[in-house]
Amino acid sequence: MNQHKIVPCLWFHTEGGTIAEVTNYYKTIFGENFQNGPVIPLGETPSGNTEMCEVYLFEKKYTFMSTANAHHAFNDALAFAINCKDQIEIDQFWNYFTKEGEEVQCGWCKDKFGLRWQVLPENLGALMSKPNAFEIMMHQKKIIIEAYLK
């Protein structure tokens, strides 16, 4: 059975349509948990120069495509949650994505390409069972675990 019968394709926009800008960005934060295959140049398309490649993020397969002309921007209908082991890991991902991206609310942020991430503690369920947890989360952008433990 093909374990990758359905593969999500993420469509990015970069200067010149180069996919290396995208893969280098994610390789920096995900390190050994991110591998990319060779670049597949598609040449000039209605969206300008286009390149793509297969990537594996935490052993899950995706196709990344980048075009020179902006086409369909990412929006809130697609997001990735990152379950972090502690505040240090939350800070690492949050600071990286928001450095050139944007903070939102309740652990949500956008990276420099507009892709949405929710950076969460892996024990979110336990934290949300604490008194006033919902109110605490509604006042946070980046999740600060300590606030739930007071």
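Values in this document were obtained by computation on a predicted structure and should not be read as measured data.
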Before you tell me yes or no, could you show the steps for Asn95 and Lys99 under side-chain contact (heavy atoms from CB on, under 4.5 Å), namely the whole-Å CA-CA distance, both residues' side-chain angles and the distance that decides it to 0.1 Å? CA-CA 6 Å; Asn95 294 342; Lys99 181 178 180 183; over 6 Å; no
Sub-4.5 Å side-chain heavy-atom contact between Ile90 and Lys85: no
Sequence neighbours excluded, the answer for salt bridge (Lys or Arg N to Asp or Glu O under 4.0 Å) partners of Asp91 is Lys142
Here's a test for you: under ring pair (Phe, Tyr, Trp, His ring centres under 6.0 Å), which of Trp117, Phe80, Tyr56, Tyr96 qualifies with Phe30? Trp117
Determine yes or no for a side-chain-to-main-chain donor-acceptor pair under 3.5 angstrom, with Gln105 supplying the side chain and Met138 the backbone. yes
Does Gly48 offer a backbone N or O that forms a donor-acceptor pair with the side chain of Thr45 under 3.5 Å? yes
What side-chain hydrogen bond (donor to acceptor under 3.5 Å, both in side chains) pairs are there with at least one residue in residues 17-35, not counting sequence neighbours? Tyr26-Asp111
Using the side-chain contact (heavy atoms from CB on, under 4.5 Å) rule, take Lys60 and Val7 through it: C-alpha gap first, then chi angles, then the decisive distance, then the call. CA-CA 9 Å; Lys60 296 200 184 302; Val7 177; over 6 Å; no
May I ask you to check whether over 12 heavy atoms, not counting those of Glu15, lie within 6.0 Å of atom CD? no
Can you tell whether the side chains of Glu102 and Lys110 come within less than 4.0 Å, N to carboxylate O? yes
Counting only heavy atoms not in Ile88, do more than 12 fall under 6.0 Å of its CD1? no
Quick one: does Ile40's side chain get under 4.5 Å of Cys53's, heavy atoms only? no
Counting C-beta onward and ignoring hydrogens, is there a side-chain heavy-atom pair between Ile29 and Phe97 closer than 4.5 Å? yes
Closest heavy-atom pair, Ile145 versus Pro121, reported as atoms and distance to 0.1 Å, is CD1-CB, 3.9 Å
Donor-acceptor pair, side chain of Glu54 and main chain of Thr63, under 3.5 angstrom: no
Return the minimal non-hydrogen interatomic distance between Ala68 and Gly16, and the atom names on each side. CB-C, 3.8 Å
Check: His13 side chain, His71 main-chain N or O, donor-acceptor pair, under 3.5 Å: no
Using side chain to side chain contact (heavy atoms under 4.5 Å, CB included) as the criterion, point out the one residue from Leu78, Val55, Val22 that pairs with Leu10. Leu78
With a 4.5 Å limit on heavy-atom distance, are the side chains of Phe64 and Glu51 in contact? no
Do Tyr62 and Met52 share a hydrophobic cluster, counting only Ile, Leu, Val, Met, Phe, Trp and Tyr and linking them when any side-chain heavy atoms are less than 4.5 Å apart? no
Please round to the nearest 0.5 Å and tell me the distance separating atom OG of Ser47 and atom CH2 of Trp11. 4.5 Å
Centroid-centroid under 6.0 Å between Phe74 and Phe12 rings: yes
Interatomic distance, CD@Glu146 vs CD@Gln87, rounded to 0.5 Å, equals 9.0 Å
Main chain of Ala126, side chain of Asn123: is a donor-acceptor contact present, judged purely on distance under 3.5 Å? no
Testing Thr50, Thr67, Asn49, Ile19 for side chain to side chain contact (heavy atoms under 4.5 Å, CB included) with Leu42, which one passes? Thr50
Would a hydrophobic clustering, with Ile, Leu, Val, Met, Phe, Trp and Tyr connected at side-chain separations under 4.5 Å, put Ile144 with Val104? no
Got a donor-acceptor contact below 3.5 angstrom from the Arg116 side chain to the Trp108 backbone? no
So for atom CD, which belongs to Glu44, do other residues, nucleotides or ligands contribute more than 12 heavy atoms lying within a distance under 6.0 Å? yes
Nearest-0.5 Å distance that lies between atom CG in Asn36 and atom CG in Leu57: 11.0 Å
Of the non-hydrogen atoms in Pro46 and Asn69, which two are nearest, and what is the gap between them? O-ND2, 4.0 Å
Quick check for you: to the nearest 0.5 Å, what is the distance between Tyr148 atom OH and Ile136 atom CD1? 6.5 Å
Could you tell me which residues satisfy salt bridge (Lys or Arg N to Asp or Glu O under 4.0 Å) with Glu103, sequence neighbours excluded, listed by chain and number? none
For Thr14 and Phe113, work out which heavy atoms get closest and say how close. CG2-CE2, 3.8 Å
Check the pair Cys84, Leu120 against side-chain contact (heavy atoms from CB on, under 4.5 Å), reporting the backbone distance first and the verdict last. CA-CA 6 Å; Cys84 300; Leu120 302 169; over 6 Å; no
Which heavy atom in Val119 sits nearest to a heavy atom in Ile143, and how many Å separate them? O-CG1, 3.8 Å
